[in-house]
Amino acid sequence: MENYTALIVLVSIAIGLLDLFTDRWQSLQRQLFPIALLGIYTLFVIMYYFGPDIWTYVPHYEEIGSFSEELAFRHKNGFELGYNLFCSLMSSIGLSYWGMTVVIKTLYFIAIYLLLRQLPRRQMFSLACIVLIDRDLITHENRECLAVSLFIFMVLLLQNRQYLWAVLCAAAAILTHKTAILPIGILPFGIFFYRHRQSATLYTILIILLMVIMLLPIQRVSVSVLHLLPFPDVYIGALHHHLQLGRQFQLIALIYLGVLLLINIYISRTGQQHYTWVAYVVLAGMAVVVVLYPYYFLLARIRSYFTPIVVFYVVKLVSDSEQTYHIPYANLVKQALMVLILVYYLHFAIKLERFTHQLHAPIARPCTIFELRNASPKQIRDRQMKIAYQYWQQDYMKEKGNRL
């Protein structure tokens, strides 16, 4: 297979199917979950100078200053302070660029494990969903992957009422990647929801709004409006860049609607649950998904913060046997959504493999640490950097059909 990401998608689908096939043996599912987690984690950490983002990340890491220099802003390299300090720390202890990426991916999967281990069942399917949706984040988006890991730790700390540590994680996430400002910035509004009963009406509004957005033509976001936002110029520039691509109808909208409908049904039928921090993050996350739905390029960045929490919440919600008892055809609804997700990403994997052949640069070709048996680290680095440069020059954002 020429596309390593497509391989990861297929393995994740297999993990999701394994969860479905072992549905009657919950103890077996719990025993298989750590194995599945270790397996998918291994596929990510063996990547070696993989992905287009190494074009900027590798030189940045190789030229990083000392911890004190970065803290004093003596190096102007365009990345956030938190990520610079992290890289400086990793470099000071002697880690290579690959070793630094392993640390980031390890932190991410530790956060995922701590989150999903709380589920009574469907842990493997939850893992599969998270990897399927956030494959690019884990693969090569170093800064945001680190920020998302900190965000998950923050939610877990809020869940355990360890508010000081949660605030520190929130601050670290914002300092690591600018996209963390939005998901963390809307969290204080959770105070108005906390301990109040959840309302299905809010999810009904989101369903209607998403359907309306799908029917209305996409409008170009005005640059003048962007500049009215209270953000630094560098943030406005990044936002404008990510709003260049959009699409009115996307097949993944069926999954968004399915998740919203499932949450709506369960809340409306039970009506007894109160908002927790996790429940509020889910509501805020789905609201962000609906509002930013047309702008998939931007949404792909923001959605990653909420995806693990939404998956965790939905699976926990539908795993409650007492609630399921009150909902007609509950098992059919759950299984239909699970099959829809797996079928969608099977279609995605096939499409991704075909798309690889259209690129000038073999950017998705597998490159793992096992190649060190036949080549030196420098040889592999130089080859992959040339491929990344070719991708940015000839392939990145060259498609015209989805331009706004």
Side-chain angles (χ1 to χ4, degrees), residues 107-123 126-127 129-130 133-134 137 144-177 179-206 256 259-260 262-264 266-268 270-292 301-320 322-323:
L107 288 173
Y108 180 82
F109 277 99
I110 288 175
I112 295 300
Y113 172 74
L114 293 176
L115 180 68
L116 298 187
R117 71 173 182 175
Q118 303 176 47
L119 293 174
R121 57 189 305 186
R122 300 291 185 206
Q123 294 172 326
S126 302
L127 172 65
C129 288
I130 293 171
I133 296 173
D134 282 338
L137 171 83
E144 189 173 4
C145 187
L146 181 58
V148 171
S149 304
L150 293 167
F151 182 83
I152 298 172
F153 285 130
M154 180 203 68
V155 174
L156 292 172
L157 290 167
L158 286 174
Q159 189 181 32
N160 294 326
R161 299 184 180 183
Q162 298 179 12
Y163 298 116
L164 177 59
W165 286 106
V167 170
L168 292 176
C169 281
I174 292 174
L175 290 173
T176 300
H177 199 274
T179 54
I181 291 177
L182 177 59
I184 292 176
I186 59 180
L187 279 184
F189 294 98
I191 298 174
F192 300 104
F193 291 83
Y194 192 67
R195 291 302 181 186
H196 288 79
R197 286 188 176 182
Q198 297 188 54
S199 172
T201 304
L202 295 176
Y203 287 97
T204 301
I205 294 173
L206 290 178
Y256 294 153
V259 170
L260 288 168
L262 191 65
I263 297 175
N264 178 279
Y266 270 77
I267 292 179
S268 62
T270 57
Q272 300 299 319
Q273 289 200 4
H274 292 76
Y275 277 105
T276 60
W277 282 110
V278 169
Y280 171 70
V281 169
V282 171
L283 175 63
M286 294 311 299
V288 168
V289 166
V290 170
V291 172
L292 297 181
R301 290 285 191 178
I302 306 299
R303 183 184 62 189
S304 296
Y305 291 92
F306 299 104
T307 296
I309 312 302
V310 171
V311 171
F312 166 79
Y313 175 80
V314 172
V315 171
K316 189 174 182 179
L317 192 67
V318 301
S319 297
D320 191 325
E322 292 185 5
Q323 294 188 30

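Note that this is a predicted model, so its numbers are computed, not measured.
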Notebook entry, point to check: Given L202 and I267, is the side-chain contact (heavy atoms from CB on, under 4.5 Å) satisfied, shown in steps?
Noted result: CA-CA 10 Å; L202 295 176; I267 292 179; over 6 Å; no
Only one of F192, F189, F193 passes ring-ring contact (aromatic ring centres under 6.0 Å, His included) with Y275, and that residue is F193
L283 and L206, any side-chain heavy atoms less than 4.5 Å apart:
yes
dist N264:CG -> Q198:CD (nearest 0.5 Å) comes out at 11.5 Å
- Item | Neighbour count above 12 (heavy atom, 6.0 Å) for Y163 OH | yes
query: Any side-chain heavy atom of L107 within less than 4.5 Å of one from L150?
result: no
Value for CG (L146) from OG1 (T176), rounded to nearest 0.5 Å, stands at 4.5 Å
Test item: Y256 and R303 side chains (from C-beta on) under 4.5 Å apart, heavy atoms | yes
Between Q118 and L156, is any pair of side-chain heavy atoms under 4.5 Å apart? yes
* To do: Please examine the side chains of P308 and I112, heavy atoms only from C-beta on, and report whether any two atoms are closer than 4.5 Å.
  => yes
Rounded to the nearest 0.5 Å, the CZ atom of R122 sits from the OG atom of S319 at a distance of 7.0 Å
Closest non-hydrogen contact found for F153 with C169 is CB-SG, 4.1 Å
Residues A111 and S149: closest non-hydrogen pair is CB-O, 4.1 Å
Interatomic distance, CD@Q159 vs CG@L115, rounded to 0.5 Å, equals 7.5 Å
Closest non-hydrogen atoms of Y203 and V282, given as atom of the first, atom of the second and distance, are OH-CG1, 3.8 Å
Of all heavy-atom pairs linking M286 and V259, the shortest is CE-CG1, 4.2 Å
Value for CD1 (I130) from CZ (F109), rounded to nearest 0.5 Å, stands at 9.0 Å
>> Counting C-beta onward and ignoring hydrogens, is there a side-chain heavy-atom pair between V288 and I186 closer than 4.5 Å?
In response: yes
All heavy atoms of H274 vs all of R197, minimum pair found to be NE2-CG, 3.6 Å
* Asked: With distance as the sole test, does Q123 use its side chain to make a donor-acceptor pair with the main-chain N or O of L116 at under 3.5 Å?
  -> yes
Check your understanding: Within a strict 4.5 Å, meaning less than it, do heavy atoms of the I263 and Y313 side chains meet?
Key -> yes
Exercise. Could you please spell out the steps behind the side-chain contact (heavy atoms from CB on, under 4.5 Å) verdict for L187 and M154?
Key: CA-CA 11 Å; L187 279 184; M154 180 203 68; 2.9 Å; yes
Next on the checklist: Could you check whether any side-chain N or O of Y305 sits under 3.5 Å from a backbone N or O of A180, counting only pairs where one atom can act as donor and the other as acceptor?
Outcome noted: yes
Steps toward side-chain contact (heavy atoms from CB on, under 4.5 Å) verdict (L137, Y108): CA-CA 10 Å; L137 171 83; Y108 180 82; 3.9 Å; yes
In terms of heavy-atom contacts, L119 and S126 come closest through CD1-OG, 3.4 Å
dist L157:CG -> W165:CH2 (nearest 0.5 Å) comes out at 9.0 Å
Review point. Given I184 and F151, is the side-chain contact (heavy atoms from CB on, under 4.5 Å) satisfied, shown in steps?
Key: CA-CA 8 Å; I184 292 176; F151 182 83; 3.8 Å; yes
